[in-house]
Amino acid sequence: MSNFPKGFLWGGATAANQIEGAYNEGGKGLSVADVMVAGGYNIPRIITDGVQDGYYYPNHNAIDFYHTYKEDIALFAEMGFKIFRMSIGWTRIFPNGDEEEANEEGLKFYDAVFDELLKYGIEPLVTLSHDELPYALVKRQGWSDKKVIDYYVRYAVTLFKRYRNKVKYWLPFNEVNNLEFTLGNFIQGGILNEGTVDFENQVDDEKLRWQAMNNVLLASAKAVKAGREINPDFHFGTMICHITEYPRTCHPDDILHVYKEDQFRNNLCADVMLFGEYPYYAHAFFKEHGIDLKLSQEDLQALKEGVCDFYSFSYYQSVCESVTYEETSVKGNIMGGLKNPYLTESEWGWPIDPVGLRYTLNKVYDRYRCPIMITENGLGAKDEVIDGQIHDPYRIAYLRDHIKAMDDALSDGVDLIGYTWWGCIDLISMSTGEMKKRYGFIYVDLDNEGKGSGERLKKDSFYWYKKVIASNGEDLD
Ligand code: BGP
């Protein structure tokens with residue numbers, strides 16, 4: 001007997017910028033994703049100052065979900081999805097981010113998407129901001145500008161009012177803690193050097209970064225409070241990029257190092273979003289680094305009043321860290337860290353660690369004691385089409401092992417309520433801009449240059465996941 005409770009929310013996850021395409025249709029403005037050119041494994045995505053001739057921007061057309069959503073949602077329904085995670089493109093609603101009036105055409109598009117999902121009994125889970133900050137706000141130093149809080153709250157309230165009877169589950173920000181990483185500076189924070197920059201050469205002004213982070217957390221809290229006033233039945237979740245860290249050795253310095261890393265990397269934002277205040281270790285850090293967030297009484301009150309009610313996170317991998325270990329072999333991957341000799345890796349160098357998922361679920365439940373949803377987990381891999389079929393046993397194996405880990409965590413007593421596999425349909429990779437880094441159960445016939453028919457094909461994993469959902473996690477053969 002599996003431990004999955006009745007009503008467990010099985011589904012898949014996406015983001016507007018990685019699926020919709022139609023980047024300049026329906027009155028949409030430019031977002032950060034629209035100025036990122038394609039990269040590759042270990043090739044950073046160049047960010048251009050506006051859209052420029054001579055570059056290929058993969059998110060502009062993505063997989064064209066803007067025009068194919070009916071067909072795609074029918075496939076999700078066929079798999080038996082109970083929930084579908086998607087984001088709303090901020091610039092479809094407010095093209096420059098700071099308008100007084102919302103763009104009706106954008107709102108209508110999402111009305112149609114939600115209606116389609118609800119027709120099949122699929123619950124929408126909506127991220128308000130998934131790497132889609134309006135580019136016009138980036139030009140004004142993104143989230144480090146306090147005014148962006150008001151623009152975001154206006155955007156959020158517009159959505160809450162419009163969709164109050166269609167959407168119950170909301171995530172204010174995708175991987176909110178990534179703002180603290182260099183990679184997140186541009187994508188999440190929109191803090192940009194003058195002119196053309198790339199990930200490698202991001203400006204790294206620590207004070208500005210924390211100011212931006214604080215503005216994001218305040219914006220989240222204010223939106224959550226406003227949302228609950230509009231519909232008390234709304235559920236709000238954190239969305240943390242959880243990089244589970246292991247000490248590479250049992251040297252006490254390594255244990256302490258990893259503990260501190262975990263606090264800052266994984267816990268800090270969730271602590272604010274679920275406990276309603278900055279934790280003690282953050283105060284100590286701010287003091288030591290001369291960071292003054294200038295929090296007013298009103299701000300402190302806002303953080304308290306706008307706490308989320310469930311914990312959600314992305315889990316792809318674990319990494320090893322050490323301050324004592326002499327590592328001669330290759331470093332970890334995009335998330336840093338050292339290689340773990342006990343784990344295998346994906347073709348893109350991401351360690352595969354299902355036991356780490358059980359460990360992480362226990363760890364976060366222990367800390368927050370609230371319902372938990374895994375809102376991203378998945379394997380990016382190359383697929384081959386042979387006679388119209390895609391055999392992807394590697395994806396099924398990854399999924400099976402992670403579902404077993406969830407089952408084990410449920411038996412440990414963790415209150416896990418849902419699981420949305422990342423990239424349930426092939427989409428544009430966030431870090432590389434590639435199509436060939438495929439996550440989907442549904443194959444999309446497009447290559448890295450956006451060439452192909454766009455046709456959708458069901459992979460073996462499509463049928464496998466369907467069976468898992470139908471048996472509520474029981475049938476994993
Ligand atoms: C997360 C992002 C997603 C997604 C995923 C996989 O960090 O929230 O948008 O893309 O990672 O990463 P990638 O697309 O780089 O393989």
Side-chain angles (χ1 to χ4, degrees), residues 12-20 31-34 36-45 47 58-59 62-63 65 84-90 125-133 171-189 199 216 237-244 265-266 269 312-319 332-336 345-352 360 373-383 394-395 398-399 402 419-440 444 446 448:
T14 59
N17 74 88
Q18 290 169 276
I19 59 169
E20 284 178 7
S31 82
V32 289
D34 295 320
M36 289 169 63
V37 308
Y41 188 14
N42 286 334
I43 308 168
R45 295 186 70 175
I47 296 157
N59 301 69
I63 62 162
F65 180 83
F84 175 58
R85 177 174 174 225
M86 51 179 277
S87 71
I88 289 186
W90 185 342
L125 164 63
V126 176
T127 317
L128 274 78
S129 180
H130 190 132
D131 311 340
E132 285 140 1
L133 185 67
L171 304 176
F173 288 93
N174 181 59
E175 296 193 335
V176 60
N177 52 325
N178 265 354
L179 192 65
E180 211 252 314
F181 302 156
T182 307
L183 180 80
N185 259 354
F186 177 76
I187 305 177
Q188 303 263 64
F199 282 167
V216 164
T238 63
M239 201 318 194
I240 302 294
C241 173
H242 199 110
I243 304 297
T244 299
R265 200 173 200 183
N266 296 318
C269 290
S312 103
F313 68 114
S314 58
Y315 176 83
Y316 290 92
Q317 57 190 300
S318 58
V319 296
N333 62 15
I334 188 175
M335 291 304 173
E345 291 175 356
S346 79
E347 292 169 273
W348 273 262
W350 294 22
I352 299 173
T360 306
M373 214 191 285
I374 299 165
T375 43
E376 279 187 38
N377 172 241
L379 176 74
K382 289 176 201 146
D383 291 324
Y394 34 90
R395 193 168 287 108
Y398 180 102
L399 180 55
H402 285 78
Y419 176 75
T420 55
W421 170 270
W422 173 255
C424 45
I425 182 166
D426 289 348
L427 40 66
I428 302 294
S429 156
M430 185 275 283
S431 60
T432 70
E434 295 169 298
M435 252 325 275
K436 75 170 181 205
K437 190 180 186 191
R438 297 176 184 274
Y439 286 86
V444 178
L446 289 171
N448 279 353

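Everything numeric here is computed off the predicted structure, so don't read it as measured data. Order of listing sets the numbers, starting from 1, for every ligand and every atom in it.
Of the heavy atoms in Ala15, none comes closer than 4.0 Å to ligand 1. Using a 4.0 Å cut-off between heavy atoms, Glu175 contacts ligand 1 through its side chain alone, with no backbone atom that close. When non-hydrogen atoms are compared, ligand 1 lies under 4.0 Å from the side chain of Trp422 (C-beta onward) but not from its backbone.
Close approach to Tyr316 involves these atoms of ligand 1, each under 4.0 Å from a residue heavy atom: 5 (C), 6 (C), 11 (O). Listed by atom number, the atoms of ligand 1 under 4.0 Å from Trp350 heavy atoms are 12 (O), 16 (O). For ligand 1, the atoms closer than 4.0 angstrom to any heavy atom of Ser429 are 13 (P), 14 (O), 15 (O), 16 (O). Each of the atoms 6 (C), 12 (O), 13 (P), 16 (O) of ligand 1 lies under 4.0 Å from some heavy atom of Tyr439. Close approach of ligand 1 to Asn174 (heavy-atom distance below 4.0 Å) involves ligand atoms 8 (O).
The minimum heavy-atom distance linking Gln18 with Ser429 is given by the pair NE2-C, 3.9 Å. Minimum heavy-atom separation, Met36 to Ile47: CG-CG1, 4.0 Å.
Between Gln18 and ligand 1, at least one pair of N/O atoms sits closer than 3.5 Å. Below 3.5 Å of separation, one finds no N or O of Ile428 facing any N or O of ligand 1. Residue contacts with ligand 1: Lys437 is placed with a nitrogen or oxygen under 3.5 Å of a nitrogen or oxygen of the ligand (distance criterion only).
In this structure the side chain of Thr244 never reaches within 4.5 angstrom of the side chain of Val319, judged on heavy atoms. No side-chain heavy atom of Leu128 sits under 4.5 Å from any side-chain heavy atom of Ile88. With a 4.5 Å cut-off on side-chain heavy atoms, Cys241 and Glu376 do not count as touching. In this structure the side chain of Ile374 never reaches within 4.5 angstrom of the side chain of Thr420, judged on heavy atoms.
Between Tyr398 and Trp421, the two ring planes are perpendicular [angle over 60°; tilted spans 30° to 60°]. Ring geometry for Phe65 against Phe84 counts as tilted: the plane angle lies between 30° and 60°, on a 0 to 90° scale.
In this structure, Met239 has no heavy atom closer than 4.0 Å to ligand 1.
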